[in-house]
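Read the structure below first, then the notes.
In what follows, every heavy atom counts, from backbone to side chain, and hydrogens, waters and symmetry copies are set aside. Owing to the predicted nature of the structure, the values given are computational and were not obtained by experimental measurement. In each ligand, atom 1 is the first atom listed, and ligand 1 is the first ligand listed. Each residue takes its place number in the sequence, starting with 1.
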Amino acid sequence: MVTYIEAASAPYKNTGVIRLYTPEDFAAIKRACQVTARCLDELANRVKPGVTTDEIDRFVFEFGMDNNALPATLNYRGYTKSSCTSINHVVCHGIPNEKPLREGDVVNIDVTYIVDGWHGDSSRMYPVGEIKRAAERLLEVTYECLMRGIAAVKPGARTGAIGEAIQTFAEAERCSVVRDFCGHGVGRLFHDAPNILHYGRANEGPELREGMIFTIEPMINLGRPHVKVLADGWTAVTRDRSLSAQYEHTVGVTADGCEIFTLSPAGLDRPGLPT
Ligand code: MF3
Ligand code: CO
Ligand code: CO
């Protein structure tokens, strides 16, 4: 059975209950989300051939320090960086390193800042220089998957409606949906109930209610959906080494749909792609 609780009266851990937030909470998490969005905006013209993911990560850390925002991934379950940088066949949780980005790469940069105790979680794909048409198509399909998932959010629908919308579109485009990672409730906790699957059927999962806050973050592959995690314990890659992409927004359920808290103030929600 699913239970829902006023966010303020629930303990500070993921117990499986779904928190319902107030309009004041919405305003507070939106402040965190907008710092994240502005950081991702700043990265748009910093990502280019020759730049290392460590340099990107350092920018994310410094931007946080300048904006009273703590990178949530720092020391999270043993992770030691301020961002995740997932290149080409890396599905998610790529660890920034000293290797330069190369022309034709596509990199997901995933940033979560904590501002006044609230988590703002978002990621975007960044083309590095000129990319192949197949890569550009995957980015377009994946962004469209995220937006179709978001369009399915309204009170009374189930979380499965999000998954169905994403899976239906991805597979019609001959792409596949990664099953091993999902979106998540977010607020004062980084990863909270409910899980938001990016596949499934509209009649599955808990009912969406006004006041819920969660991420939608589909990972879409050009090849098969299967992933493996490398020996570093974090880096998830496609088993067939096919290209993978991801975009992520944090959203809050409103009376008639949802509000996207992590929208780019600069219109750079899909950097490098035609608007
Ligand atoms: N930001 C990721 C997400 O979307 C989580 C990264 S956790 C880390 O949920 F430890 F890998 F950084
Ligand atoms: Co997330
Ligand atoms: Co994220």
message: Under 2.8 Å from the Co ion (ligand 3), which protein N, O or S atoms do you find? Ignore water molecules.
response: D110 OD1, D110 OD2, D121 OD1, E248 OE1
query: Between H184 and H191, how do the two ring planes meet: parallel, tilted or perpendicular, split at 30° and 60°?
result: perpendicular
Just let me know how [X] lines up against ligand 1, side chain, backbone, both or neither, with a heavy-atom cut-off below 4.0 Å.
X: K81; result: neither
X: R77; result: neither
X: D121; result: side chain
X: A72; result: neither

Could you tell me the residue and atom name of the protein heavy atom closest to [atom], and the distance to it rounded to 0.1 Å?
atom: atom 2 (C) of ligand 1; result: D110 OD2, 3.4 Å
atom: atom 11 (F) of ligand 1; result: W234 CZ3, 3.3 Å
atom: atom 9 (O) of ligand 1; result: H191 NE2, 2.7 Å
atom: atom 12 (F) of ligand 1; result: T73 CG2, 2.9 Å

Salt bridge check: are [X] and [Y] linked by an N-O gap of less than 4.0 Å?
X: D110; Y: K81; value: no
X: R58; Y: E62; value: no
X: E55; Y: R46; value: no

- prompt: Between R158 and E204, is there a donor-acceptor pair closer than 3.5 Å when you use the side chain of the first and the backbone of the second?
  reply: no
message: I'd like to check whether E217 has a polar contact with ligand 1, where a contact means an N/O of the residue lying under 3.5 Å from an N/O of the ligand.
response: yes
N/O separation below 3.5 Å, Y76 to ligand 1: no
message: Is F190 close enough to touch ligand 1? Criterion: a residue heavy atom under 4.0 Å from a ligand atom.
response: yes
query: Mind checking whether Q246 and L146 have side chains closer than 4.5 Å, heavy atoms only?
result: no
message: Could you check whether R38 makes a cation-pi contact with F63, meaning its NZ or CZ is under 6.0 Å from the centre of the six-membered ring and within 45° of the ring axis?
response: no
query: Does H184 put an N, O or S atom under 2.8 Å from the Co ion (ligand 2)?
result: yes
- request: Taking only heavy atoms of T112 into account, list the atoms of ligand 1 that are under 4.0 Å away from them.
  value: 1 (N)
